[in-house]
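Whatever order the structure lists ligands and atoms in, that order sets their numbers, starting from 1.
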Amino acid sequence: MDQATAHETLNRLWARGCEFLGTEVALMGGAMSWVSERHLVAAISNAGGFGVIACGAMNPELLEKEIAGTKALTSKPFGVNLITMHPQLDDLVRVCIAARIGHVVLAGGIPPGGAVRAVKDGGAKLIAFAPALVLAKRLVRSGADAIVIEGSEAGGHIGPVSLTVLAQEILPHIKDVPVFVAGGLGRGEAILSYLEMGASGAQLGTRFAATTESIAHANFKQAFLRANARDAIPSIQLDERFPVIPVRGLANAGTKRFLAHQAETLKKFDSGELTKETAQLSIEHFWAGALRRAVIDGDVEQGSVMAGQSVGMVTTIQTVAEVIAELISQAEAALMARAEVRQGSPGISS
Ligand SMILES: Cc1cc2nc3c(=O)[nH]c(=O)nc-3n(C[C@H](O)[C@H](O)[C@H](O)COP(=O)(O)O)c2cc1C
């Protein structure tokens with residue numbers, strides 16, 4: 001197989017994803033709070049992928065400005081990721097619809113019916129996260145136009161199941177809508193394998209966070225360059241009475257301090273100094289503002305350096321276009337190598 005044929009094959013494999021997103025390549029930039037702002041989002045879309053603004057805790061006015069700022073930097077399609085717990089979710093959806101955003105991603109739990117209807121009635125496509133097959137089926141029934149399955153290898157808030165398992169559980173059974181895979185993806189060969197299993201495209205976060213166009217602080221990017229897969233660990237819960245939402249990030253002084261803070265809070269609760277509610281809140285509030293502190297201020301020791309296990313595959317700071325080109329060439333090289341193996345070429349060895 002020559003490269004042109006490999007290119008055609010790859011295009012065929014992710015054609016459904018490209019058509020759904022309106023892009024040349026079916027690679028989504030996973031929304032990352034503080035990181036996925038206008039510059040990175042526009043860079044991903046301009047490079048042929050699909051950038052997604054992370055609304056995070058932004059209010060509707062700020063989101064409106066971010067959308068306008070992104071539109072000034074790209075004429076290509078991009079999406080907006082909204083967190084379902086946001087107290088102004090309905091207003092944020094209205095902002096997206098008024099700005100004619102084509103794709104709204106609802107993250108952080110099963111999206112409420114009202115928001116689903118508002119997105120769809122407004123003419124946008126709805127993308128939702130499915131952490132299990134039953135939920136994927138339910139989301140499709142309730143109107144999701146595409147599903148993202150995000151494995152526990154991912155950076156940020158994570159579920160308990162790896163992408164390897166989620167893909168086997170979900171891809172053979174969800175055919176009505178495109179499914180995008182996410183979590184721990186750093187090379188084109190892996191993306192190709194999931195496309196061959198039935199995925200329509202892939203979503204990457206960590207690799208894009210460390211690009212030239214990412215506004216993340218130089219310290220944040222350097223931390224990514226230094227880190228190995230094993231350094232990106234989920235937050236640890238000390239006591240099941242006080243649940244901790246698992247977030248994957250780089251181990252640092254902050255993650256150690258979080259353990260000490262939980263231990264101290266537990267002691268205070270056990271001695272009656274704190275009520276259950278105040279103790280839980282104190283644990284929940286520990287990380288407030290911590291992602292901003294790492295991404296924007298560059299405090300990678302005390303801040304939250306969210307990263308996927310894919311961080312080990314960040315070895316240089318590249319432009320977004322270079323990352324995308326590299327992923328494509330790896331996928332194409334894998335296709336060509338396999339064709340040679342099938343033809344029994346003597347050139348292939350272990
Ligand atoms: C720094 C950081 C912040 C993130 N913030 C969000 C977010 O605000 N909303 C969301 O849906 N996902 C968030 N994610 C997850 C990404 O969108 C993406 O799914 C994930 O990074 C994929 O795994 P990977 O990092 O191994 O590529 C975040 C990930 C990182 C690394």
Electrostatic pair R207:E326 at N-O distance under 4.0 angstrom: yes

Among M32, E153, R248, which one puts a heavy atom closest to atom 4 (C) of ligand 1? M32

What are the atoms of ligand 1, with element, lying closer than 4.0 Å to any heavy atom of S310? 24 (P), 25 (O), 26 (O), 27 (O)

Carboxylate-amine/guanidinium proximity below 4.0 Å for K267 and D270: no

Answer yes or no: is there a donor N or O on one side and an acceptor on the other, between the side chain of T84 and the main chain of A107, under 3.5 Å? yes

Taking the six-membered ring for Trp, are the ring centroids of H103 and F20 within less than 6.0 Å of each other? yes

Show me which atoms of ligand 1 lie under 4.0 Å from any heavy atom of G183. 22 (C), 23 (O), 26 (O)

Under 4.0 Å from a heavy atom of L204: which atoms of ligand 1 are those, numbered in the order shown and with their elements? 27 (O)

What are the atoms of ligand 1, with element, lying closer than 4.0 Å to any heavy atom of G30? 17 (O)

The answer for which part of V311 has a heavy atom under 4.0 Å from ligand 1 is neither

Within the 4.0 Å heavy-atom cut-off, what A107 brings close to ligand 1 is side chain

Flag if over 12 foreign heavy atoms under 6.0 Å of CG, L225: yes

If you measure from each non-hydrogen atom of H157 to ligand 1, which part falls under 4.0 Å: side chain, backbone, both or neither? neither

D231/R226 ion pair, N-O < 4.0 Å: no

In terms of residue, atom name and distance, what is the protein heavy atom nearest to atom 25 (O) of ligand 1? T206 OG1, 2.5 Å

Close-contact set for ligand 1 against Q203 heavy atoms, below 4.0 Å: 17 (O), 18 (C), 19 (O)

Check each of G156, A31, A229 against atom 16 (C) of ligand 1 and report the one with the nearest heavy atom. A31

Is E196 salt-bridged to R338, cutoff N-O under 4.0 Å? yes

Residue, atom and distance of the protein heavy atom nearest atom 11 (O) of ligand 1 read N81 ND2, 3.0 Å

among protein heavy atoms, the one nearest atom 8 (O) of ligand 1 is S33 OG, 2.6 Å

Of M313, E150, M28, the one whose closest heavy atom lies nearest atom 20 (C) of ligand 1 is E150

E322 CD: over 12 foreign heavy atoms closer than 6.0 Å: yes

Report, as yes or no, whether the 6.0 Å neighbourhood of atom CZ on R257 holds more than 12 heavy atoms from other residues, nucleotides or ligands. yes

Whether G56 lies under 4.0 Å from ligand 1, heavy atom: no

Can you list the ligand 1 atoms lying under 4.0 Å from a non-hydrogen atom of M306? 1 (C), 2 (C), 3 (C), 31 (C)

Between ligand 1 and I83, is the shortest N or O to N or O distance under 3.5 Å? no

Enumerated ligand 1 atoms positioned under 4.0 Å from heavy atoms of G205: 21 (O), 22 (C), 24 (P), 25 (O), 27 (O)

Identify the two heavy atoms, one from F258 and one from I236, that lie closest to each other, and give their separation to 0.1 Å. CE2-O, 3.8 Å

What is the ring orientation for H261 with F286, classed by angle as parallel under 30°, tilted 30 to 60°, or perpendicular over 60°? tilted

Where ligand 1 meets G308 - atom numbers and elements under 4.0 angstrom, heavy-atom basis: 25 (O), 26 (O)

CG of N11: more than 12 outside heavy atoms within 6.0 angstrom? yes

